[in-house]
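Here is the structure we will look at.
Any value given below was found using the heavy atoms of this structure, including those in side chains, with hydrogens, waters and symmetry copies removed. In what follows, every chain begins at residue 1, and chains take the letters A, B, ... in the order their sequences are listed. Just so you know, these numbers come straight off a predicted model, no measurement behind them.
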Amino acid sequence: TILDEGDVKTPLEELELALLESDTALAVVEELIPRVKANLIGKKVSRREDTHEIVTDALKEALLEILSCNNFDFDEFVESSDKPVNITFVGINGTGKTTTIAKIAKRLFDAGYSVVIASADTYRAGATEQIEEHASRLGLKVIKHQYGADPAAVVYDAVKYAKANHKDVVLADTAGRMHTSVNLMEQLRKICRVTKPDMVLFVDEAIAGNDAVERAKRFDELIGIDASILTKVDMDVKGGAAISIAYSTSKPIIFMGTGQGYDDLEKFDPKKFVERLIG
Amino acid sequence: NLSSALKKSVKKIVASKRIDKRTVDELVKDLQRALIQADVRISLVKELSNRVRERALTEKLVLNPREHVIKILYEELIGILGKSVDIPLVPQKIMMVGLNGSGKTSSCAKLARYFQKKGLKPAVICADIYRPAASDQLKQLCARINVPFFDSNSCGQKDVIEIVKAGVKEFSRYDVLIIDTAGRHALESDMIDEIRRIGAEINPEQRLLVLDASIGQQASVQAKAFDEAIGITGIIITKMDGTAKGGGALSAVAETDSGIAFLGTGERVEDFERFEPDRFVSRLLG
Ligand SMILES: Nc1nc2c(ncn2[C@@H]2O[C@H](COP(=O)(O)OP(=O)(O)OP(=O)(O)O)[C@@H](O)[C@H]2O)c(=O)[nH]1
Ligand SMILES: Nc1nc2c(ncn2[C@@H]2O[C@H](COP(=O)(O)OP(=O)(O)OP(=O)(O)O)[C@@H](O)[C@H]2O)c(=O)[nH]1
Ligand SMILES: [Mg+2]
Ligand SMILES: [Mg+2]
């Protein structure tokens, strides 16, 4: 039997609703669902009863495609890069950048790499103290300047220090900022222009709704990101923001933050994620 | 004369005009998209759509169809949000709670400055013993605006309840005591119980939920957990200087049966405004 519009309409509507309720942005859903629909219409199926399963599989396939876009292995990247590797973390205020750096630092350290942290959030109250506390717990060196100093200079110094002392990785923490702030986005552009990071990681939270599209898009347009990290996945969220971010940037999600402890970091698994989302 | 009689009869026809169902459905569909993009809870979007559709079909059409439907939705949204929550300018204890990174600590300083400008004597207690350098952050913010600060170091206590008790005692001659708590979420039962215990110990007159404007479909679930723990009396929506429309606020208001008191509109201590329903709804509908 051949699938027609009537066959797929209801299953697609149910899946569309499931995606929206899981925090997948409307803009993404509105582009995705018609595409899946177009691919299904005219498809041969052996039994009409299988339609719901076939539609779900088609959507899973489309989601996997989005999540696999420009995918790469973080560990392989670090392994094969010239040292020191400069990994810079960027994103909106409060999304979990500083905490994520601590987690990644521990992960790299456990894997045998030497890590230096650049405290390049020279703006927010208590920012340097916060990352210094994390570093001291992990036994790692922090390069910092005084409050209000040029963030680019901090990263630059950290890379210089890493080169001189044969350190493998520099993790650069930057201040949270709104994509709507012309000055702060320009400052971030300058930091990246001057320090030429090997990898720019965009950190955003799973709990965010439709705005996840706009902010990821703007950061990618203005700064250029290599991948994203989705935090606060433990907050009982389905994590549809991962789809929103991957879709709007065409860059992969590489890690998920699943709590506030150093071990609460998981390598992102697109297949597992899609199963959890609409399994 | 004929001309004025014609005018009268045309007016009568227009006045008795009802909008047709097909037009309403199309317009409601557009508004649904706007509401979903503004992060309004899907179930609430459906509810609102039904109410708007019903009212649009039965109410007299005095504007053009599009304005007619938008005006009805606007009224429904204002109805949900209610008036701005007015925090009285009296001696009181204010407890700040919310999800991780939502802006509680920043808002404590902003709120302290608000009361200071109104002539009251605020003081701040840091009850976040978990986040690295939480005290440093809040201490620095308070120092900038000359507001007294109290934390575990001030009393040598390690227990959250003991710190808050000591702080309340220390600041007995201050008007407004603002208590900052650690970020937490609905699934952390021991942390939810902690704020219940703090609330039971000091009986704060105000218990404010600090919510990020960009929160998605989780808003009602999270607001419910906080409300069940301590009873939320007001909401602060932060990061309104971004592009998020704050639709989650509707659910939070509905779940907590309270209202929005303030908006955070930036990182500086002065980026703090009283909530105004009309402006908020206009911005939400774009
Ligand atoms: N539950 C949970 N909380 C998290 C996670 N990641 C970070 N947090 C918490 O989120 C809050 C903010 O984390 P930060 O690391 O300070 O965020 P940030 O992006 O550096 O913030 P700014 O520098 O102020 O922009 C803290 O309370 C963290 O403990 C996560 O995966 N799960
Ligand atoms: N742009 C902008 N940033 C804000 C606003 N309110 C708070 N922030 C920023 O958001 C980030 C998190 O704020 P905090 O006050 O540390 O949040 P918190 O709720 O205390 O975080 P935890 O204690 O970790 O749960 C910081 O970078 C703040 O400067 C706001 O209205 N606009
Ligand atoms: Mg930070
Ligand atoms: Mg805080």
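The interface of residues 177-190 of chain A with chain B, defined by heavy-atom distances below 4.5 Å, comprises A:M178, A:H179, A:T180, A:L184. Listed in order of number, the residues of residues 129-136 of chain A that approach chain B to under 4.5 Å between heavy atoms are A:E129, A:Q130, A:E133, A:H134. Residues of residues 141-151 of chain A lying within less than 4.5 angstrom of chain B, judged on heavy atoms, are A:Y147 in numerical order.
Legend: side chain to side chain donor-acceptor pair (under 3.5 Å) pairs involving residues 105-116 of chain B, not counting sequence neighbours, sorted by first then second residue: B:T105-B:D180.
Heavy-atom distances place the side chain of B:R144, and not its backbone, under 4.5 Å from chain A. There is no contact between B:K104 and chain A, counting heavy-atom distances below 4.5 Å. Heavy-atom distances place the side chain of A:R215, and not its backbone, under 4.5 Å from chain B. A:A241 does not touch chain B: none of its heavy atoms, backbone or side chain, sits under 4.5 Å away. With a 4.5 angstrom heavy-atom cutoff, A:A25 does not touch chain B via any of its atoms. Of the two parts of B:I215, the backbone and the side chain both hold a non-hydrogen atom closer than 4.5 Å to a non-hydrogen atom of chain A. With a 4.5 Å cut-off on non-hydrogen atoms, B:A186 does not touch chain A at all. Residue contact with chain A, scored on non-hydrogen atoms closer than 4.5 Å, involves the side chain of B:Q140 exclusively.
B:Q218 and A:D23 form no side-chain donor-acceptor contact under 3.5 Å, judged by distance and modelled atom types alone.
Contacts with chain A were tallied for B:L141, B:V221, B:D241; B:D241 has the most, counting heavy-atom pairs under 4.5 Å. Put simply, of A:T128, A:L17, A:I92, the one with the most heavy-atom pairs under 4.5 Å next to chain B is A:L17.
Summarising the geometry of B:Q137 relative to A:A125, their closest heavy-atom pair is CG-O, 3.2 Å, with the distance given to 0.1 Å. Of all heavy-atom pairs spanning B:A133 and A:G126, the tightest one is CB-O, 4.0 Å. When all heavy atoms are compared, the tightest approach of B:Q222 to A:M235 is NE2-O, 3.5 Å. For the residue pair A:D234 and B:L187, the shortest heavy atom distance occurs at O-CD1, 3.6 Å.
Contact of the B:R33 side chain with the A:E30 side chain is registered, since non-hydrogen atoms from C-beta on lie closer than 4.5 Å.
Remark: the backbone N or O of B:I36 is paired with a side-chain donor or acceptor of A:N210 at under 3.5 angstrom.
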Item to check | Verdict with supporting geometry, A:Q260 and B:E188, side chain to side chain contact (heavy atoms under 4.5 Å, CB included) | outcome: CA-CA 12 Å; A:Q260 300 179 69; B:E188 297 174 311; 3.9 Å; yes
Item to check | Worked verdict on A:Y123 versus B:E267 for side chain to side chain contact (heavy atoms under 4.5 Å, CB included) | outcome: CA-CA 10 Å; A:Y123 173 74; B:E267 286 194 78; 3.6 Å; yes
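Counting heavy-atom neighbours within 6.0 Å of A:K60 NZ, excluding the residue itself, gives a total above 12. By the neighbour-count criterion of 12 heavy atoms within 6.0 Å, atom OH of A:Y262 is densely surrounded, having more than that number from other residues, nucleotides or ligands. Counting heavy-atom neighbours within 6.0 Å of B:R197 CZ, excluding the residue itself, gives a total above 12.
To the nearest 0.5 Å, atom OG of residue B:S102 and atom CD1 of residue A:I207 are 10.0 Å apart. Taking CG of B:N100 as the start and OG1 of A:T95 as the end, the distance is 12.0 Å to the nearest 0.5 Å. The distance from atom CD of A:E205 to atom CG of B:L99, rounded to the nearest 0.5 Å, is 8.5 Å. To the nearest 0.5 Å, atom CG of residue A:D211 and atom NZ of residue B:K239 are 11.0 Å apart.
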